[in-house]
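Numbered from 1 within each chain, the chains take letters A, B, ... in sequence-line order.
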Amino acid sequence: MEKRYNHSAQEPRIFEFWERRKLFEARISPDKKPFTIILPPPNANADLHVGHAMYVYEDIMIRFNKLRGREVLWLPGFDHAGFETQFVFEKHLKKQGKSRLDFDRETLYQMIWDFVEENKPKMRAQLKRLGFALDWSKERFTIAPEVVRVVYDTFKRLFDAGLLYRKERLVNYCWVDGTSFSDLEVDYVERQTKLWYLKYPVKGEPGAYLTIATTRPETMLGDTAVAVNPKDKRYAGFIGKTLILPVVNREIPVIADEMVDPEFGTGAVKITPAHDENDWQVAQRKNLPLIQVIGFDGRLIQEAGRFAGLKINVAREAILEVLKESGALEKEQDYTHRVGVCYKCGTIIEPLPLEQWFIAIKPLALKAIKRIKDDEITFYPKKFKRQAIQILERYHDWNISRQTVWGIRIPAFRKNGGKWIVELDPEKQKQLLADGFEQDPDTFDTWFSSGQWPFATLLSLDGSTNPSEGGELFKYFYPTSVMETGHDILRAWVARMIMLGDFATGKVPFEQVYLHGMVRDKNGQKMSKSKGNVVNPVEYMDKYGADALRAALIFGTKDGGDTNISEEKTLGMRNFANKIWNIGRFIRMNADWVEEGPKPDAPIFTDKDAKKALKTIEKLEKRAAVVRKQYLIFMSSGKFSKGLELLYKFLWHEFADSYLETLKDAMRSRSDTGKTALKTLQEVYLETLVMLSPFIPFVTEAVWQEFHGQNSSILEAVSLRDLS
RNA sequence: GGUCGCGUAGCUCAGCUGGUAGAGCGUUGCAUUCACAUUGCAAAUGUCGGGGGUUCAAGUCCCUCCGCGACCACCA
């Protein structure tokens with residue numbers, strides 16, 4: 001054995017050995033209980049970042065449960081990540097001075113497909129580099145045809161069940177990216193702006209007017225009413241009267257609606273149903289007409305008359321100018337408020353009326369809530385249970401239509417604006433197109449497909465789309481055991497998986513949700529390119545090894561909390577790996593000496609010494625039993641950080657610093673006591689290796705093989721069943 | 001505004017159902033041909049955010065104040 005543990009030499013060799021032996025390939029083993037984790041599929045559009053290294057939690061669970069004798073499946077895959085990937089790709093295009101608009105649909109789609117396929121091998125290699133026990137023979141891709149079939153099937157069944165509807169509603173639209181979003185893709189930021197007070201004259205009463213306050217004067221062109229609170233005495237006399245909308249001189253009514261806050265502004269609100277969610281709701285209640293003045297390109301449209309073609313902010317200035325000249329602008333004041341912006345590009349999101357596919361969430365959410373309340377799905381840390389319920393209780397209907405090219409095309413057809421039909425059979429689809437039908441040009445929100453990931457993966461492997469029949473793999477491995485992911489996507493992903501999983505399969509998609517926090521830098525700061533504190537996992541692995549990086553992410557963190565990573569911490573864990581290696585090396589050396597027989601210069605070892613040594617051995621055995629027990633408790637309750645810290649302290653600061661030192665002389669004496677000492681030390685050591693292997697699989701396997709030969713593996717040779 | 005969380009050694013953080021504080025890194029001193037300097041031994045440093053309460057006993061439970069953070073809702 002080398003003097004130092006050489007991770008650069010050992011890690012590739014060991015991983016290759018694991019793959020050759022197919023140690024990560026899951027099989028259907030009727031006599032074993034399955035343990036399944038579906039890897040949250042990384043977006044196939046960039047290199048791995050440290051966040052992905054957090055998959056180590058899953059690897060720990062997989063390896064631990066394999067040692068316990070479960071049939072484990074850790075299924076890898078990639079997310080096509082619809083809009084996200086298109087956005088990344090567009091940035092590449094921009095560097096070449098091009099844009100998505102330079103290509104037709106098919107060409108752009110193919111280009112992005114190729115881009116993603118180029119990315120995948122790199123990502124696979126990086127995941128392997130981390131030592132992950134993923135079963136690559138079952139890799140899936142969210143937009144691959146066999147997966148799409150499952151997704152389509154769910155769509156169709158939602159449609160048939162009446163849980164899917166197409167309707168014109170206000171959607172969150174980003175005119176720069178050219179697509180609508182669900183509520184979850186809208187960020188809110190504080191913006192300094194002004195509150196403008198506009199005077200709307202009363203028809204037939206010269207000199208009389210109503211003042212409204214607005215932050216969006218340009219939308220006044222689309223006003224179809226002014227609302228006041230029915231309880232507001234100031235305006236009681238105005239209700240039912242008609243106002244003359246300045247600039248365009250259109251007549252609009254004054255209406256009463258509870259939604260108006262008398263305290264805010266003047267207590268009178270302009271109602272623009274086409275461009276404000278609240279106003280839209282009022283319009284629905286009061287049957288007001290809809291006048292759209294802003295288009296999907298971020299410019300005013302024909303209805304805006306002489307302002308048509310102007311960009312929103314330009315139009316605002318122009319309209320304010322006109323209002324000022326006509327004396328309709330009473331005053332303006334500084335105002336700070338929150339505006340919704342596109343989570344990707346920061347453009348202000350425009351609420352625009354658009355026909356889209358929506359999922360009626362309520363029935364799905366109610367079922368999901370029941371599953372959670374009944375503990376059919378448990379959460380770790382526990383606090384997320386309540387959070388999940390709250391999220392589901394507030395879920396709005398989900399807009400799943402996106403106007404992007406990169407995504408799964410929605411399989412809905414209609415003819416001349418007629419009724420929509422959903423058709424999945426490719427042959428019949430062709431027939432429909434030939435008959436003059438047109439397919440919805442939109443694609444699915446990427447979460448609609450990833451929301452089905454736990455069953456779509458397994459079903460597609462079986463070549464099936466029907467959860468009620470399923471196939472061998474689906475039947476055996478579903479529901480999955482654990483969904484482990486970041487708590488930041490509890491809402492966007494986990495909640496949706498529960499709802500769609502329940503709908504499609506009638507079962508929970510996973511029995512446990514295990515959530516981890518964010519990876520932060522050593523000062524607890526969020527990582528960002530602008531701060532320059534981004535940790536490159538590959539760089540750390542090059543320097544300190546995959547084990548060190550893995551352990552650094554787990555060590556000293558609170559489960560479910562954020563984890564801090566630093567070069568120093570990683571180095572410390574590298575040192576731990578080396579310590580493990582050297583303990584093994586030392587035991588091996590002693591074993592050889594014992595084999596060789598008595599050595600002339602062996603130290604004098606008295607009966608008294610032997611007695612003392614035997615006592616130490618006894619103590620060690622007792623201590624090891626306690627550690628083993630604690631370890632199993634920590635590991636089975638998800639407290640992995642505690643488990644690792646326990647073994648770290650035990651192996652280094654008890655086993656090596658104390659027991660090994662005390663028993664050194666006994667071993668050197670080559671007496672029977674020495675042999676007993678060696679045997680016990682070796683047993684406890686190897687057992688500790690096994691317990692450590694889920695955290696740091698490489699160094700433990702490397703040492704294991706020094707003891708048992710290059711052809712053996714911890715994963716095959718032992719079972720923690722024997723330990724409990 | 002609502003919900004949740006945090007404030008413990010120089011830094012980053014652990015401390016479960018209450019019994020006079022721990023780890024990693026860092027710091028200081030000593031050791032070293034004998035497994036490992038990617039080492040060992042030893043040492044220093046904390047009124048556990050402020051105040052009040054419950055208790056024989058409180059980082060640990062309750063109240064309050066101060067300072068942070070996350071998520072959600074919403075303001076025309």
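- Listed pair A/Arg338 / B/C75 fails the phosphate criterion, with no side-chain N or O lying under 4.0 Å from OP1 or OP2.
- With C1' as the reference atom, B/C6 and B/C48 are 14 Å apart, rounded to whole Å.
- Atom-to-atom, CG of A/Asp276 to P of B/A76 comes out at 7 Å; the value is rounded to the nearest Å.
- A donor-acceptor contact under 3.5 Å is not formed by the side chain of A/Glu2 with the base of B/A35.
- Here A/Glu661 lies in heavy-atom contact (under 4.0 Å) with a base.
- When the C1' atom is used for both B/U27 and B/C34, the distance is 30 Å, rounded to whole Å.
- For B/U38, there is no paired base (Watson-Crick or G-U wobble, both distances below 3.5 Å).
- When the P atom of B/C4 is taken as reference, atom CD1 of A/Ile391 falls 14 Å away, rounded to whole Å.
- The partner of B/U60, taking Watson-Crick or G-U wobble pairs whose two distances both stay under 3.5 Å, does not exist in any strand shown.
- Within the structure, every side-chain polar atom (N or O) of A/His337 is placed at least 4.0 Å from both OP1 and OP2 of B/C74.
- Residue contacts shown for A/Phe555 are limited to sugar-phosphate atoms, with no base heavy atom under 4.0 Å away.
- Summarising the base pairing, B/A44 is matched to no nucleotide, lacking a Watson-Crick or G-U wobble pair whose two defining distances lie under 3.5 Å.
- Distance check on atom C1': B/G46 versus B/A23 gives 15 Å, rounded to whole Å.
- Taking atom P on both nucleotides, B/C41 is separated from B/G24 by 11 Å, rounded to a whole Å.
- At B/C13, one or more side-chain N or O atoms of A/Asn564 fall inside 4.0 Å of OP1 or OP2 (strictly under the cut-off).
- Nearest-nucleotide assignment on RNA chain B puts the 5′-proximal partner with A/Lys642, out of A/Asp279 and A/Lys642.
- Nucleotides B/C65 and B/A70, compared at atom C1', are 22 Å apart to the nearest Å.
- The pair A/Glu654-A/Lys649 does not meet the salt-bridge criterion, since no charged nitrogen lies less than 4.0 angstrom from a carboxylate oxygen.
- Checking B/G24, B/G22, B/A35 against every side-chain atom of A/Tyr648, the shortest atom distance belongs to B/G24.
- A distance of about 28 Å separates the C1' atoms of B/A31 and B/C11, rounded to the whole Å.
- Side-chain N/O atoms of A/Asn278 include none lying less than 4.0 angstrom from OP1 or OP2 on B/C74.
- One atom, CG of A/Asn582, and another, C1' of B/U39, lie 9 Å apart when rounded to the nearest Å.
- Atom NZ of A/Lys558 and atom C1' of B/C4 are 12 Å apart (whole Å).
- B/U3: Watson-Crick or G-U partner is B/A70, with both key distances under 3.5 Å.
- Nucleotide B/G59 carries a syn base; the chi torsion (O4'-C1'-N9-C4 or O4'-C1'-N1-C2) is within 90° of 0.
- Atom NZ in A/Lys331 sits about 15 Å away from atom C1' in B/A76, given to the nearest Å.
- Rounding to whole angstrom units, CZ of residue A/Arg394 and P of B/A73 are separated by 8 Å.
- Here A/His653 reaches the OP1 or OP2 of B/G24: one of its side-chain N or O atoms lies under 4.0 Å away.
- Checked by atom type, the side-chain pair A/Trp581/A/Asn6 shows no donor-acceptor distance below 3.5 Å.
- Figure legend: A/Lys385 and A/Phe379 shown without cation-pi pairing, the cationic atom not lying both under 6.0 angstrom from the six-membered ring centre and within 45 degrees of its axis.
- Spacing between B/A9 and B/C16 at atom C1', rounded to whole Å, works out to 23 Å.
- Within the 4.0 Å cut-off from OP1 or OP2 of B/U38, not a single side-chain nitrogen or oxygen of A/Arg574 is found.
- Note on A/Arg491: a side-chain N or O is less than 4.0 Å away from OP1 or OP2 of B/A73.
- If you measure from atom CE of A/Met667 to atom P of B/C34, you get 16 Å, rounded to the nearest angstrom.
- To the nearest angstrom, C1' of B/C36 lies 8 Å from NZ of A/Lys3.
- Salt-bridge formation is not detected for the pair A/Glu706/A/Arg588: no Lys NZ or Arg NE/NH1/NH2 atom is positioned less than 4.0 Å from an Asp or Glu carboxylate oxygen.
- The pairing partner recorded for B/A23 is B/U12, the criterion being a Watson-Crick or G-U wobble arrangement whose two distances lie under 3.5 angstrom.
- To the nearest whole angstrom, the two P atoms, one in B/A44 and one in B/G2, are 48 Å apart.
- Taking only side-chain atoms of A/Trp652, from C-beta outward, the nucleotide of B/A35, B/G40, B/A76 with the closest atom is B/G40.
- With A/Tyr685 contributing its side chain and A/Ile580 its backbone, the two residues share a donor-acceptor pair below 3.5 Å.
- Aromatic ring pairs are classed by plane angle as parallel below 30°, tilted from 30° to 60° and perpendicular above 60°; the pair A/Tyr57 and A/Tyr514 is tilted.
- The residue among A/Arg4 and A/Ala268 whose nearest nucleotide of RNA chain B lies closer to the 5′ end is A/Arg4.
- Applying the Watson-Crick and G-U wobble criteria (two distances, each under 3.5 Å), B/A76 pairs with nothing in any strand.
- Salt-bridge annotation for A/Glu350 and A/Arg216: present, with a side-chain N of the basic residue lying under 4.0 Å from a carboxylate O of the acidic one.
- Residue A/Lys579 places a side-chain atom within donor-acceptor reach of the base of B/C36, judged by atom type and a 3.5 Å distance cut-off alone.
- Using bins of under 30°, 30° to 60° and over 60° for the plane-to-plane angle, the ring pair A/Tyr648/A/Phe576 lands in the tilted bin.
- In this structure, the nucleotide among B/C4, B/U39, B/G24 sitting nearest to the side chain of A/Arg386 is B/C4.
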